[in-house]
Amino acid sequence: MRLAVQEQLLPGTTLQAKWDVALAWGFDAIELRGAGGHTLRRRLPELRAAQRDGVVMPTVCVDMDHFIGDFDPGRRADALANMATQLAVVGALGGVGAVTPASWGMFSRRLPPFIPPRSAEGDREVLLEALCRLGEVAAREGVLLLLEPLNRYEDHMVNTLAQAAELARATGLAAVQVCADTYHMNIEEADPLAALREDADRLGHVQVSDSNRLEPGAGHLDWAPLLRCLEAIGYGGHLAFECRLSGDPARVLPRATAMLRSALRAAA
């Protein structure tokens, strides 16, 4: 397993400058962020130049205000179009895949009015249609579409690894897999390690942050058992930092990578 960090957490005005910092702080890769408006496609010359200079960019995490499960058909169509672009860019870079949730911040059953405007059956129909369409794009590009479960306060549709894995399997496409995020798992999974073991065959990517959404080591998650579990199930991808920071990046990120690398060595 290798360590990646999302690009916005690194100082520097170019990916090459960020890469120098990432290497110095103990990372092996940079996870890109995919804004709307097909921004990632417009960045392709920049990304190709960074790749030629040795920057490793295996994954992109969508960064929009609407997603593939949006209630509004127009916004949903735009999210699908942008995800297709992101999959194509990752494919052009020879990367692993693109991460998306079903939605984020659109609706929560935990807050008024509690009942969403679309039925559970409607949710499933919309998500399966989107996952099938994007899964076919991912397969053509030779990459993965990675469905990320979010916690119940951020999304009402896909909260657990089991829910995401069931949808992925229902597409019948091997290119549709699951992204596990340790922060959301800490909230939603009764037994996070059992959840990882149960759906190991669909685990395509892992994002890491601690129980409080800060960098690993700044909360109460027990990292050693988690890493041993990932080692045992044969996960060989990246652990991508998607988090807020508890202090100066130059101080807290090297500390977090050192902690995880020590735990990885113990797990091996």
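The first residue in the sequence is number 1, and the count goes up from there. Source: prediction; values computed, not measured. For the numbers below, each heavy atom of this structure counts, side chains included, while hydrogens, waters and symmetry mates do not.
No donor-acceptor pair under 3.5 Å is formed between the side chain of Asn151 and the backbone N or O of His184. No donor-acceptor pair under 3.5 Å is formed between the side chain of Glu141 and the backbone N or O of Leu87. At distances below 3.5 Å, at least one donor-acceptor pair connects side-chain atoms of Gln51 with backbone N or O atoms of Leu93. Judged by distance alone, with hydrogens and angles left aside, the side-chain atoms of Thr171 form a donor-acceptor pair with the main-chain N or O of Ala168 at under 3.5 Å. In this structure a side-chain-to-backbone donor-acceptor pair under 3.5 Å is missing from Asp199 to Arg202. Asn82 places a side-chain N or O within 3.5 Å of a backbone atom of Gly37 that can act as its donor or acceptor partner. Side-chain atoms of Tyr235 come within 3.5 Å of backbone N or O of Val206 as a donor-acceptor pair. No side-chain donor-acceptor contact under 3.5 Å links Thr182 to the backbone of Asp210. Using modelled atom types, no side-chain atom of Asp70 and backbone atom of Ser103 make a donor-acceptor pair closer than 3.5 Å. Judged purely by atom type and a 3.5 angstrom limit, Glu189 uses its side chain to pair as donor or acceptor with the backbone of Leu161.
A donor and an acceptor atom, one from each side chain of Ser209 and Glu242, are nowhere located under 3.5 Å apart. Counting only N and O atoms by type, the side chains of His66 and Asp78 include a donor and acceptor under 3.5 Å apart. Side-chain atoms of Arg261 and Thr257 form no donor-acceptor pair, as typed in the model, at a separation below 3.5 Å.
Annotation: side chain of Phe241 is in contact with side chain of Leu260 (closest heavy-atom distance under 4.5 Å). Within the 4.5 Å cutoff, no side-chain heavy atoms of Arg110 are placed close to those of His156. No side-chain heavy atom of Val158 sits under 4.5 Å from any side-chain heavy atom of Leu150. Proximity of Glu231 to Met1: side-chain heavy atoms (C-beta onward) are separated by under 4.5 Å at one or more points. Contact of the Leu10 side chain with the Trp25 side chain is registered, since non-hydrogen atoms from C-beta on lie closer than 4.5 Å. Between Leu230 and Leu239, the closest side-chain pair of non-hydrogen atoms falls below 4.5 Å. A 4.5 Å side-chain heavy-atom check between Arg118 and Val126 finds at least one atom pair inside the cut-off. Within the 4.5 Å cutoff, the side chain of Leu32 has heavy atoms near those of the Leu47 side chain.
Minimum interatomic distance between Glu215 and Ser246 (heavy atoms only, all atoms of both residues): OE2-OG, 2.5 Å. Contact between Asn212 and Arg244 at its shortest, heavy atoms only, is O-NH2, 3.7 Å. The minimum heavy-atom distance between Asp155 and Asn159, with the atom names listed, is O-ND2, 2.8 Å. In plain terms, the two heavy atoms of Ala240 and Glu31 that are nearest each other are CB-OE1, 3.5 Å. Across all non-hydrogen atoms, the minimal contact from Arg75 to Asp65 is NH2-O, 3.0 Å. Closest non-hydrogen pair, Met106 versus Phe71, comes out as SD-N, 3.4 Å.
Grouping the Ile, Leu, Val, Met, Phe, Trp and Tyr side chains by contacts below 4.5 angstrom, directly or via other members, places Leu214 apart from Trp223. In terms of hydrophobic clustering, with Ile, Leu, Val, Met, Phe, Trp and Tyr side chains grouped at heavy-atom distances under 4.5 Å, Trp104 and Val99 are assigned to different clusters. Note on Val137 and Val96: separate hydrophobic clusters, where clusters join Ile, Leu, Val, Met, Phe, Trp and Tyr whose side-chain heavy atoms are under 4.5 Å apart, directly or indirectly. Leu80 and Val89 fall within a single hydrophobic cluster, where Ile, Leu, Val, Met, Phe, Trp and Tyr side chains are chained together by heavy-atom contacts under 4.5 Å. Residue Leu196 is not grouped with residue Leu146 when hydrophobic side chains (ILVMFWY) are merged at heavy-atom distances under 4.5 angstrom, including chains of intermediate members.
In this structure, CD on Gln163 lies 10.5 Å from CZ on Arg124, to the nearest 0.5 angstrom. One distance of note links CE of Met57 with CH2 of Trp19; it measures 9.0 Å at 0.5 Å rounding. Between the CG atom of Leu145 and the CE atom of Met83 there is a distance of 5.5 Å, given to the nearest 0.5 Å. If you take CG on Leu173 and CG on Leu131, they are separated by 9.0 Å, rounding to the nearest 0.5 Å. Rounded to the nearest 0.5 angstrom, Phe107 CZ and Met157 CE are separated by 10.5 Å. Considering CD1 of Ile30 and CG of Asp28, their distance stands at 11.0 Å, rounded to 0.5 Å.
Residues meeting the salt bridge (charged side-chain N to carboxylate O under 4.0 Å, His left out) test with Arg251, sequence neighbours left out: none. Residues satisfying the side-chain contact (heavy atoms from CB on, under 4.5 Å) criterion with Ala224, sequence neighbours excluded, are Asp222, Arg228.
Remark: Glu125 CD is loosely packed, at most 12 non-hydrogen atoms of other residues, nucleotides or ligands lying under 6.0 Å away. Within 6.0 Å of the CZ atom in Arg255, the count of heavy atoms belonging to other residues, nucleotides or ligands exceeds 12. The 12-atom threshold is not exceeded at CD of Glu198, counting heavy atoms of other residues, nucleotides or ligands nearer than 6.0 Å.
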Criterion side-chain contact (heavy atoms from CB on, under 4.5 Å) on His220 and Asn186, from CA distance to verdict: CA-CA 10 Å; His220 64 244; Asn186 175 66; 3.8 Å; yes

Working for side-chain contact (heavy atoms from CB on, under 4.5 Å), residues Leu128 and Leu167: CA-CA 7 Å; Leu128 270 180; Leu167 284 165; 4.1 Å; yes

Candidate pair Thr59 and His238, rule side-chain contact (heavy atoms from CB on, under 4.5 Å), full reasoning: CA-CA 9 Å; Thr59 50; His238 289 86; over 6 Å; no

Leu203/Ile233 under side-chain contact (heavy atoms from CB on, under 4.5 Å): CA gap, chis, key distance, verdict: CA-CA 10 Å; Leu203 183 65; Ile233 65 175; 3.9 Å; yes

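Between Arg33 and Asp63 there is a salt bridge, with a side-chain nitrogen of the basic residue lying less than 4.0 Å from a carboxylate oxygen of the acidic one. Look at Glu7 and Arg43 and you find a salt bridge, because one of the NZ, NE, NH1 or NH2 atoms lies within 4.0 Å of a carboxylate O, short of that distance.
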